[in-house]
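What follows is a short report on a single structure.
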Amino acid sequence: MEKDFAQTDADLIELSKKDPEMFGLLMERYQGPLFHYIRRMTQLGSDDVQDLLQEVFIKIYQKLNEYDEVLKFSSWAYRIAHNHIIDYFRKTNARPQTNSLEDYEWEKIISASIRIEKDVMNKDCVEKVKICIEELPLKYKEVLILRFVQDLEYEEIMDVLKKPKGSVATLIARGKEMLIRKMKEKNINCF
Amino acid sequence: MKDLIKDTIGKIKKEHILPEPKWKYLVRKYGIWFLFGLVVVFGAISFAAASYLLSSLDWDLYRFMQQNRAGYLLSIFPYFWVALIAAFIIGAFFDIRKTETGYRFSLLKISLITIGSILILGAIMFFAGLGGRFNSMMASGVPYYGQHMMVTKELQWSSPEKGFLSGEIVAVFDDKLEIKDLKEKNWNIQLDEETLIRPMANISKGQMIKIIGTQLGSDDFRAIEIRPWVGGGMMGGSGINSGQRNGTNSGRGMMRGN
């Protein structure tokens, strides 16, 4: 597996088309970020997230010929995962939640949204803000997670969501505004 | 995590899962661009047809209709074609957005691409004379098009009760003409010293003309002004202007009495 880092994603894609074993190298590169993305978006347990992730990887494998090098492979893989998650919510009629985020992940969103230093965060306050974030519509929660937890750039989020850069920026800004409004409504003023 | 990789590859092998063939993707990809091309072509046809209509209409008739210029322009505006152009522009816009990386183009860029392609191709079609053909095809093939959906030149000049008549000259006499209108009805056109004949209007048998005047009876019409079928008839004339209605000569036509 050592030599896989010498090969680009595009190389591995070409090799995977001929030999599924090579697809394992691609999976190894991206299973971590995709696993966490699916977990953060679906709030499922580890086994269920792995099942979804396997379905996502099989979709990626089936679509290998669709991959266009104008996109980063990671963005394209996130896009497939995003679509799969949306399908999953539709099929199961499940309501998306975000309370499976780890504390450090919550802090990333909160500090990015309300501009505070992490070390000033008060645990009770974080709990209250979590509730506000959970109440945000999925599209706002998702961009906040992609931007501040997955650390994706605006261009990558554009490619994942297939939305223009302006729309992505608007979603992020509105998500933050909504969060601040909700905090004011609930009189959360502990930072 | 290692198990996930093994399980997934095992499943791929066991179920003989293969990447979808590239041609399917290419068909989808180029299909969207083909659709874009088609929408642009239809938009261009609409633009050429609208341009033809606007260029073939007489823009100064409001002077004879007791109507102001704005009201007249609104009454002859080719709403049907303009609505189609707008629909095709919107269609092309969403089609580009549907392409693999269409979301990366800004609103301005997509608008410039779609509107620009429709206008450029439409202008080429118009100058190639296709606008007139599309209008004729629509007039003959689509019910109500020529009568209700559009102010066409033919409709505009088939309203003797409003003072506008056109047709082919059947006979020429000293003080009158006989014409067959667009509905194959014969009319006696009375000429007098006040009748203005535009320079390019050829008053001879077999020529198509447009006449502004007054309906006197069921088949009698008094001509105030005669124009050629195509255009206003001002080019290359003998030089008589509107003052000539009162008998002076300066550029707009020739009084029959002169």
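Protein chains get the first letters and strands the later ones, always in sequence-line order, with residue 1 at the start of each.
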Select, from A:M158, A:E155, A:K63, the one with the greatest count of heavy-atom pairs under 4.5 Å involving chain B. A:M158
Kindly compute the distance separating CG (B:L4) from CZ (A:F35), expressed to the nearest 0.5 Å. 9.0 Å
Salt bridge check, B:R28 against A:E66: does any charged N sit closer than 4.0 Å to a carboxylate O? yes
Structural part of A:I60 lying under 4.5 Å from a heavy atom of chain B: neither
Measuring heavy-atom distances to chain B, does A:D159 have an atom under 4.5 Å in its side chain, in its backbone, in both, or in neither? both
Pairwise distance CD1(B:I17) to CD1(A:I58) - rounded to 0.5 angstrom: 4.5 Å
Checking an interface table here. Which of residues 91-121 of chain B come within a heavy-atom distance under 4.5 Å of chain A? B:R97, B:K98, B:T99, B:E100, B:T101, B:Y103, B:R104
Using non-hydrogen atoms and a 4.5 Å limit, figure out which bit of A:K162 sits close to chain B: side chain, backbone, both or neither. both
Spacing of OH belonging to B:Y25 relative to CG belonging to A:D68, to within rounding of 0.5 Å: 4.5 Å
Mind ranking A:R79, A:E55, A:K17 by heavy-atom pairs under 4.5 Å with chain B and telling me who comes out on top? A:R79
Distance (rounded to the nearest 0.5 Å) between A:M27 CE and B:I5 CD1: 5.5 Å
Select one option (side chain, backbone, both, neither) describing which atoms of B:K13 are under 4.5 Å from chain A's heavy atoms. side chain
Region of B:K29 that comes under 4.5 Å of a non-hydrogen atom in chain A: side chain
Counting only heavy atoms not in B:Y62, do more than 12 sit closer than 6.0 Å to its OH atom? yes
Examine whether an atom of B:I12 lies under 4.5 Å from a heavy atom of chain A, and if so say whether it belongs to the side chain, the backbone or both; otherwise answer neither. side chain
Can you measure from CZ (A:F57) to CG (B:D7) and round to the nearest 0.5 angstrom? 12.5 Å
